[in-house]
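The block underneath contains the structure these notes are about, expressed in structure tokens.
Here is how names work: the chains are called A, B, and so on, in the same order as the sequence lines, proteins then strands, and each is numbered from 1. Not measured: the values here are computed from a predicted model.
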Amino acid sequence: MIKDHQTAVLEVDRLVTEFPTPKGTIRAVNDVSFQLHQGETLALVGESGCGKSVTALSIMGLLAHPGRISSGTIRYGKDDLLGYSTSQMRKIRGNKISMIFQEPMTSLNPVFRIKDQMMEVILEHQDLSSKAAFDRAVELLGMVGIPSPEKRIMDFPHHLSGGMRQRVMIAMALTSPDPGILIADEPTTALDVTIQAQILQLIRKLQEKNGMSLLLITHDMGVVAKMADRVAVMYAGKKIEEADVIECFENPCHPYTRGLLNSIPSNKKYKGANRLEAIQGFVPNLLELGKGCPFTNRCTVAMDICQAAFPSQAQIIEGHHVCCHAVNPTDADKGGRP
Amino acid sequence: MIKYITKRLILLIPTLFGVVTIVFFMMSLAPGDPARLALGAHATPEAVEAMRHELGLDRPLHIQYLNYLKQVAVFDFGKSIKTGEPVLYELLSRFPATIELSVVSIIISTILGILAGIISATRQNSMIDFGAMFAALVGVSMPVFWLALILIMVFSVGLNLFPTGGRINIRLFMDPLTQFYLLDAIVYIFREGDFSYFLSALKHIILPAVALATIPLAVIARVTRSSMLEVVRQDYIRTARAKGLSERTVIYKHALRNALLPVITIIGIEFGYNLAGAVLTEEIFSWPGIGRWLYSAVTARDIPAVQGGVILIAVVFVLVNLAVDIFYAYINPKIRY
Amino acid sequence: MPFNPENTLWYDHWLQLKQNRSALLGLAIIGAFVVVAFLAPVLATHDPLVQNVSLRLSKPFENGYLLGSDDFGRDIFSRILYGARISLVIGAIAIGISLTVGTALGLISGFYGGTLDVLIMGLVDVMLAFPYILLAIVIVSILGPSLNNAMIAIGIVGIPRFARIIRAQVLAEKENDYVMVERSLGTSDLELMMVSILPNCMAPIIVQVTLGYAGAILSSAALSFLGLGTQPPTPEWGLMLASAKQFVASAWWVVTFPGVAILLSVLGFNLFGDGLRDILDPRLKD
């Protein structure tokens, strides 16, 4: 499944993103590393508040005040994006790395026509005439499956349904002739189930067509199963497991990953799931994290050492890494179930 | 849109009816006999009685009311006792001065207010923000008549930069074209190459316009700030940033366009207040507008003038507010009828 | 359970208020204003009405006049202190009128609805069709210029705002279950309104009273300035400015200090009212 192993288009290394608050500093992203390869789909999975969206915003350089990246690197091609100036970063955003968001209903500016919002990003990054930009916008809208795009382009966002708006968002993200990376933050969560499938299919189709890489952020393991080549699971700001998608579903090693898979209805891929199970307990307060593994309080196989130290990363097979004291590295060759 | 405007205009009728009714009965309570006032203290009782009959004052109140309604329906607001001119004419002839002053002051307050609001919002909780918002609250708390006196004291008397009152140097006589002196003076620039008219009109309008701009400026700044803070939290602002647009485009195009919607309503309301008689400012700067005219009618107990004047001013005020609502509906693409 | 003030909602609000520096500044100004009003006879260095024509238009600190003297040789400092009394009273009475009449109208309108509601709200709409100060001027011109009539006029002009706020609150409260329960228990309308509904409207009323006080002080000064309010020789701030225009070239202190007093006291109420609104009723924010 992993396409073109050699070229990582995006490499996040030991990223730490913090939010200072009056009650203390929150580490929303804590020492997270991963690579996104040419043409592949990496799913960043976890519950809300686990830091997956903050990771995406860190990559885009769009952290809301007072968030800041306190250490780590985000390598795009050869360059570290964190060293980029504001204007360099602007040339990347919406051009080389684009992002679509969870809420299509509120992600488009209500006072501008689709035309203006589309053309704006085209004219920002490409040296085209207005006429050419308009034609390109119509073409893109057609490409994302909007019927009679030459008419719809004159609409205001509130004329369109949620699904249509998300299609517009996707079209707006793909204006570049060579879109490198698309970051999709829960792109279908706010949509009806039937529309969800259409949008996911559309994203896949476009990805196959122009070979872009996709960083898909979701909490929905069903979406992961449909879309992803590789999966990285995050919990309380930490990446706790990463694997090829089939490996992840067949041989999940972290108790949290298994919990996530158990919570999907009718998950046929994962043999252990006879019935639907919810993970007990709550995500810990990010202000009250100790030195140990943040999952300890909800973990069914927690040990004393889990309170004391965060586990180092163990390799199960090539490309499958996990951070859990319960996974005995020596068992790894045998399939590594704790 | 037409339907919406029609509906709003129809809803206006009961309000205007109420305005006329209230003003009529309030003024009928006013002490003093208009007939006696019209004729002066030395008139004979017979003459006063004849006058009362002519004015319809000897009839029962409800008949007077119905007669007044009939008159008002055809825009007849009676005659001023002091001048004998029709009230409508008196008021309309002073309206351009008020409009000119209101427009200049609302331009000043809109530009500065929006700018201050944006600066405050983009630097939320900074010293600049705190200072600007404190200044805005001082502006809201300002007794405008006192500010006018201070402006005259400092800039007219102290620094001798501006005249203390009036619309233009009385030695400069202009043909009345539009009655908006600034516009008329621009015509003089082109026609005669003479800048002195324009400079004089400009110098005369600055102090009253600044005084009148204070409260709207403060209100606009406060509303712009809170509206901007609300808007920059919205998802579409994040989208605009994700598109790689410059911060300037994000703030001044994407955020401002949305944030201005409530601000426009406020600008309209404040403009309505100015237009409807900036009594104090006009009085202090001897600005010959409707506020000053109404005030002199009040002090002279010129009842028909006050009655008609108040009704007309209330109508202007209501119409301006209606126009603001319609304009708001027009520019807000989310509102469709 | 024993009553513990720390458990009440108002204690919570007080804690929030203590965090709000500008509201505290406002409270301090209001406090100073009230103290000055009450202690004016003690603090004043002169009788505010005594004229001394030979010492007219003395500069500040000259001839024992702290803030100078006016064109009749009266002490401006003492007149300002006594002016605080007038402003305090005008504000209290005007707001009292607006509050009682406005609350009554709003309660009736919201509680009974129907024709009464249409009539009352129609009247309120018509009153709001007049610009604030214009309506006050017209009312005073009918009643005749005096301190009392100015208070009445300002009070009347303030009615619509209270009526609207109360009505909106009542409409919201009426839907609550406790009103249904009390009604089914046979509580009389009046009791229901006064004992159950009104106390729940306190937050917006308090905010409006504070901000309205600022407006009342400003309006009464404006009316007096126009000669339509307080009459000479009463030491009223707006009235002190009425004759000041002729001194803009010669005696800046006559022009400056009464205005500063108006500005400061109005600012105090606005600062405090703004802070209260943020705490008590965030919905009212513009």
Side-chain angles (χ1 to χ4, degrees), chain A residues 53 56-57 59-66 86-114 116-126 154-159 165-166 168-169 172-173 175-176 182-185 190, chain B residues 1 4 114 118-130 224-265 267 327-337:
Chain A
S53 292
L57 293 172
I59 296 167
M60 295 292 287
L62 289 176
L63 285 171
H65 182 81
T86 320
S87 62
Q88 282 174 310
M89 205 52 217
R90 274 177 44 212
K91 292 201 179 77
I92 298 287
R93 285 202 284 261
N95 189 28
K96 297 298 166 199
I97 309 180
S98 299
M99 186 162 175
I100 57 177
F101 301 96
Q102 179 171 350
E103 275 298 336
M105 300 309 279
T106 52
S107 290
L108 289 166
N109 196 323
V111 301
F112 295 109
R113 292 175 198 281
I114 303 300
D116 300 319
Q117 304 193 45
M118 293 279 304
M119 285 171 65
E120 179 180 56
V121 63
I122 296 169
L123 292 171
E124 179 75 34
H125 297 296
Q126 295 169 52
M154 298 309 290
D155 283 348
F156 283 100
H158 65 272
H159 292 134
R165 287 189 215 186
Q166 197 61 299
V168 172
M169 284 296 292
M172 239 161 57
T175 54
S176 164
L182 177 65
I183 302 176
D185 187 356
Chain B
M1 191 76 200
Y4 172 76
I114 290 177
I118 294 171
I119 290 171
S120 261
T122 49
R123 291 170 179 71
Q124 195 191 358
N125 297 329
S126 67
M127 281 313 287
I128 294 176
D129 177 30
F130 184 77
T224 305
R225 176 180 180 269
S226 61
S227 178
M228 279 295 277
L229 289 178
E230 178 69 29
V231 166
V232 292
R233 283 202 304 258
Q234 302 296 317
D235 289 346
Y236 53 79
I237 295 304
R238 193 182 51 189
T239 306
R241 293 207 169 101
K243 283 154 88 171
L245 305 176
S246 66
E247 195 58 20
R248 179 182 291 266
T249 312
V250 171
I251 294 294
Y252 287 90
K253 186 176 168 194
H254 283 262
L256 194 57
R257 209 34 195 275
N258 284 279
L260 282 186
L261 292 175
V263 177
I264 282 166
T265 310
I267 294 172
F327 182 63
Y328 180 81
Y330 174 71
I331 56 165
N332 188 348
K334 275 183 283 187
I335 298 179
R336 284 290 171 265
Y337 331 89

If we define contacts as heavy-atom pairs under 4.5 Å, which of Thr106(A), Asn95(A), Val121(A) has the most with chain B? Thr106(A)
Chain B heavy atoms under 4.5 Å from Leu57(A): which part of the residue, side chain, backbone, both or neither? side chain
For Leu108(A), is it the side chain, the backbone, both, or neither that has a heavy atom closer than 4.5 Å to a heavy atom of chain B? backbone
Is it the backbone or the side chain of Ser246(B) that comes under 4.5 Å from a heavy atom of chain A, or both, or neither? both
Counting C-beta onward and ignoring hydrogens, is there a side-chain heavy-atom pair between Glu120(A) and Thr249(B) closer than 4.5 Å? yes
In terms of heavy-atom proximity below 4.5 Å to chain B, should Met105(A) be classed as side chain, backbone, both, or neither? neither
Residue His125(A) versus chain B: region with a heavy atom under 4.5 Å: side chain
With sequence neighbours excluded, residues passing side-chain hydrogen bond (donor to acceptor under 3.5 Å, both in side chains) with Ser126(B): none
Per-residue tally against chain A (heavy atom, under 4.5 Å) across Arg257(B), His254(B), Glu247(B) peaks at His254(B)
Nearest 0.5 Å please: distance from the CG atom of Asp116(A) over to the NZ atom of Lys253(B). 6.0 Å
Looking at Met99(A), Met172(A), Lys91(A), which makes the most heavy-atom pairs under 4.5 Å with chain B? Met172(A)
Identify the residues of residues 235-244 of chain B whose heavy atoms come closer than 4.5 Å to a heavy atom of chain A, ordered by number, or report 'none'. Asp235(B), Tyr236(B), Arg238(B), Thr239(B), Arg241(B), Ala242(B), Lys243(B), Gly244(B)
Can you say whether Ser107(A) sits under 4.5 Å from chain B via the side chain, the backbone, both, or neither, judging by heavy atoms? both
